[in-house]
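The structure appears below as C-alpha cells.
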Amino acid sequence: MSVAQRKKQAILADKQLRKQKSGRARRPALPMLGLPGDATSGEARLTILGERQVLVENHRGMLEIGQERMRVLTKRGILSVYGSALALLEVRPEGLMIQGIIERVELPGAEGGGKG
C-alpha cells in the first residue's frame, strides 16, 4: 500500500470517527441484509393462527383487554381484535398472543379500524 493510499484511509477513518462522535453516524445498510421491512422499521407484524389465536409482534402495549374486544397499540395506530372468550395468553416486549374465538381483526388505517 502506498503512502498516498494510507493517508487517504486515515482521512476516511478520521471522518467516520467524527461522524460517530457527532451522532451523525451512518445507519447500517439494512436493505442489503435482506431482512423483512417489519423487522427493521418497527412495523407491527400480525399472524393469525386459524380461528383461535392472533400473534401481534412489534406492539407498543395493550390499550384494552376484554372477552369480546382487545385493543393493541402499534406504530401506525390501534389494532382491534373482536371475538368471544378472548384472553391474553402471552405478553412479551417483542410480541403478545391473543386466544379465543376470533371473529374480526381491524387494522390501523383500515375503514372503521384504529379509532374508538
Side-chain angles (χ1 to χ4, degrees):
M1 183 181 293
S2 72
V3 174
Q5 288 173 328
R6 285 187 196 151
K7 187 175 181 179
K8 186 175 180 179
Q9 277 188 331
I11 291 170
L12 289 174
D14 186 53
K15 282 183 182 180
Q16 207 169 21
L17 184 60
R18 286 184 199 172
K19 282 183 182 180
Q20 288 174 351
K21 286 183 178 179
S22 69
R24 295 183 303 138
R26 292 183 184 216
R27 294 185 352 185
L30 293 175
M32 291 179 11
L33 297 176
L35 298 172
D38 56 347
T40 58
S41 68
E43 293 289 334
R45 174 184 278 184
L46 179 69
T47 306
I48 300 173
L49 305 167
E51 299 173 346
R52 297 286 182 170
Q53 291 183 331
V54 174
L55 172 64
V56 182
E57 296 173 287
N58 298 331
H59 67 91
R60 294 190 171 181
M62 291 295 299
L63 296 177
E64 180 180 345
I65 299 172
Q67 290 187 347
E68 294 180 353
R69 178 173 78 171
M70 298 231 182
R71 293 172 54 210
V72 182
L73 184 60
T74 69
K75 180 178 180 177
R76 293 199 179 240
I78 300 170
L79 179 142
S80 299
V81 178
Y82 295 89
S84 56
L86 297 179
L88 197 53
L89 189 63
E90 184 176 337
V91 179
R92 295 171 287 140
E94 64 276 0
L96 57 89
M97 179 74 74
I98 299 171
Q99 181 174 307
I101 300 169
I102 311 298
E103 295 172 5
R104 181 172 91 238
V105 176
E106 290 182 358
L107 303 173
E111 188 166 324
K115 294 185 173 94

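Position 1 is the first residue of the sequence; numbering continues from there. Here the structure is a predicted model, which is why all the values come from computation and not from measurement.
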Considering residues, nucleotides and ligands other than E103, do more than 12 of their heavy atoms fall under 6.0 Å from its CD? yes
Open item on the list: Let me confirm one number: the OG-CD distance from S84 to E68, rounded to the nearest 0.5 Å.
Closed with: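 Answer rounded to 0.5 Å: 7.5 Å.
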Nearest 0.5 Å please: distance from the CD atom of E57 over to the OG1 atom of T47.
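It is 5.5 Å, given to the nearest 0.5 Å.
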>> Using side-chain heavy atoms (C-beta onward) and a distance below 4.5 Å, is V54 in contact with L46?
In response: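 Yes, close enough: below the 4.5 Å cut-off.
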Looking at residues at least two apart in the chain, or sitting in another chain, which of them share a salt bridge (Lys or Arg N to Asp or Glu O under 4.0 Å) with [X]?
{"X": "E90", "result": "R92"}
{"X": "R52", "result": "none"}
{"X": "R104", "result": "E106"}

Note: L86 and G66 closest approach over all heavy atoms is CB-O, 3.6 Å
Nearest heavy-atom approach of L88 to L96 is CD1-CD1, 4.1 Å
Tell me whether I48 is reachable from I101 by hopping between hydrophobic residues (I, L, V, M, F, W, Y) whose side-chain heavy atoms are closer than 4.5 Å.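 No; I48 is not reachable from I101 via cluster members.
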* Mind checking what makes side-chain contact (heavy atoms from CB on, under 4.5 Å) contact with L73, not counting sequence neighbours? ->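 Per chain and number, L73 pairs via side-chain contact (heavy atoms from CB on, under 4.5 Å) with R60, L63, I78.
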Fill in: Pairwise salt bridge (charged side-chain N to carboxylate O under 4.0 Å, His left out) hits with a residue in residues 76-86, at least two apart
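Listed once each, the pairs are E43-R76.
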For M97, the hydrophobic cluster (side chain heavy atoms closer than 4.5 Å, chained through members) also holds L49, L55, L89
